Protein chains: 2
Amino acid sequence: MPDHETESSMKRGELARLTGCNIETIRYYEKIGMLPDPPRTSAGYRVYSRDHVTRLHFIMRARELGFAMEDIRGLLGLGDRAAPTCAEVKARTDRHLADVRTKIADLKRIEAVLAATAAKCSGAEVPECPVLDAIGS
Amino acid sequence: MPDHETESSMKRGELARLTGCNIETIRYYEKIGMLPDPPRTSAGYRVYSRDHVTRLHFIMRARELGFAMEDIRGLLGLGDRAAPTCAEVKARTDRHLADVRTKIADLKRIEAVLAATAAKCSGAEVPECPVLDAIGS
DNA sequence: TATAAGGTCTGTAGCGACCACAGGCTCAAG
DNA sequence: CTTGAGCCTGTGGTCGCTACAGACCTTATA
């Protein structure tokens, strides 16, 4: 006898397909407490609901925006945290935004150096290379 | 009797101080074949020379420029590779430069989204937050 | 010369955020 | 009843380090 399934219940593979999340990643998120443990069928299969879809979408979107898991935990009020206030969310976002801007600045500096040194290259089949000289000095 | 030491020979700690590299990282680079195995004293202490300093500086600089270890191996002609030609170095650098530019573009998109959503925040001590809405939708 | 402090040695485990696989169940279709 | 797909668990790998623990060696001071 199959377990009862409501309209919006699904197994792990379907959740993965629906969200575009890797199927193993879903298990990982459960393991680290980002996704609530879903109920199981009598055979041990995970049964997900619409709430899981929403939560997983949130996590994925936050990850796309570069938030670390710890940040997302904070945004979701997970662990022993209470649901965050707007002020807390803003503070976290501003911190992250500052990080992102720092990373952009770092990468731009790198880009400039790479572009400048690569421009010096002859591209010839010779062992001497101005890029190697630039890095090595 | 202490082992003979030439002027420019040094132990691991001094190499670390001299280059600013973490002392454990030096051992790691040796383990993965980025630094040649140094000779040892009779007690097993590693003895580094000026060549090691040069090589380590090169690696550190390349890492600062965001090259992956595999790239650096290529730049150095390590493993079973021959020393690269200028053309090969240029190709590798151009590929990496393209990567860096992609990352910058990604981060800029993230920055725009974060800045736009954070701007909507009231910063009040209330649980409703436009940032959460933006991520969640 | 004894001892204490500090450097070095090895192996191993941890980080973050996953991804992939092996070996065993379960389920649905034909 | 069999086949194949999907799910289960545990474990190990990725990258580039970093941080121990516990043993050994060296150096300086008393």
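The sequence lines fix the lettering, A, B, ..., with proteins before strands; numbering per chain opens at 1. This one's a predicted model, so the numbers in the text were calculated from it and none came from an experiment.
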(message) By the 4.0 Å heavy-atom rule, please label A/R27 as base, sugar-phosphate, or nothing.
(response) base
(message) Using whole Å, what does the distance between atom C1' of nucleotide D/dC17 and atom CD of B/E30 come to?
(response) 15 Å
(message) I want to verify a distance call: between C/dG7, C/dA20, C/dC18, whose nearest atom is closest to the A/N22 side chain?
(response) C/dA20
(message) Under 4.0 Å, counting only non-hydrogen atoms across every strand here, what does A/I32 touch: a base, just sugar-phosphate, or nothing?
(response) nothing
(request) For the residue pair B/H57 and B/T54, confirm or rule out a side-chain donor-acceptor distance under 3.5 Å. (result) no
(request) Measure from the side chain of B/A43, starting at C-beta and using heavy atoms only, and say which of D/dC8, C/dC18, D/dT26 lies closest. (result) D/dT26
(request) Among the candidates D/dA19, D/dG16, D/dC7, find the nucleotide nearest to the side-chain atoms of B/E24. (result) D/dA19
(request) Among D/dT26, D/dT18, D/dG6, find the nucleotide with the atom closest to the side chain of B/T25. (result) D/dT18
(message) Looking only at the side chain of A/Y28 (C-beta and beyond, no hydrogens), which of the listed nucleotides D/dG16, D/dA19, C/dC18 gets closest?
(response) C/dC18
(message) If you compare every side-chain N and O of A/R46 against the phosphate oxygens of D/dT9 (OP1, OP2), does one of them come in below 4.0 Å?
(response) yes
(message) Please confirm whether the shortest side-chain N or O distance from A/R40 to OP1 or OP2 of D/dC7 is below 4.0 Å.
(response) no
(message) As a test of reading the structure: which of C/dA17, D/dC7, C/dT8 is closest to the side chain of A/A68, going by heavy atoms?
(response) C/dA17
(request) Let me know the distance between CG of A/L15 and C1' of D/dG6, rounded to the nearest Å. (result) 15 Å
Output side-chain donor-acceptor pairs under 3.5 Å for residues 124-132 of chain B, partner residues at least two apart or in another chain, one line each.
from	atom 1	to	atom 2	distance (Å)
B/E125	OE1	A/T85	OG1	3.4

Tabulate below the donor-acceptor pairs under 3.5 Å that side-chain atoms of residues 99-109 of chain B make, not counting sequence neighbours, or state none.
from	atom 1	to	atom 2	distance (Å)
B/R101	NE	A/E111	OE2	2.7
B/R101	NH2	A/E111	OE2	3.4
B/T102	OG1	B/A98	O	2.9
B/D106	OD1	B/R109	NH2	2.9

(request) Would you kindly give the CE-to-C1' distance between B/M60 and D/dG16, to the nearest whole Å? (result) 13 Å
(message) If you only use heavy atoms from C-beta on, which nucleotide in D/dC25, C/dG11, C/dC18 is closest to the side chain of A/Y29?
(response) C/dC18
(message) Nearest whole Å is fine: how far is D/dC8 P from A/K31 NZ?
(response) 15 Å
(request) Provide, to the nearest angstrom, the distance between the CD1 atom belonging to B/I72 and the P atom belonging to D/dC15. (result) 13 Å
(message) OP1 or OP2 of D/dG6 versus the side-chain N and O atoms of A/R12: is any pair under 4.0 Å?
(response) no
(request) Figure out the CD1/P separation between B/I26 and D/dG16, and round it to whole Å. (result) 18 Å
(message) Rounded to whole Å, how long is the line connecting atom CE of B/M10 with atom C1' of C/dG7?
(response) 16 Å
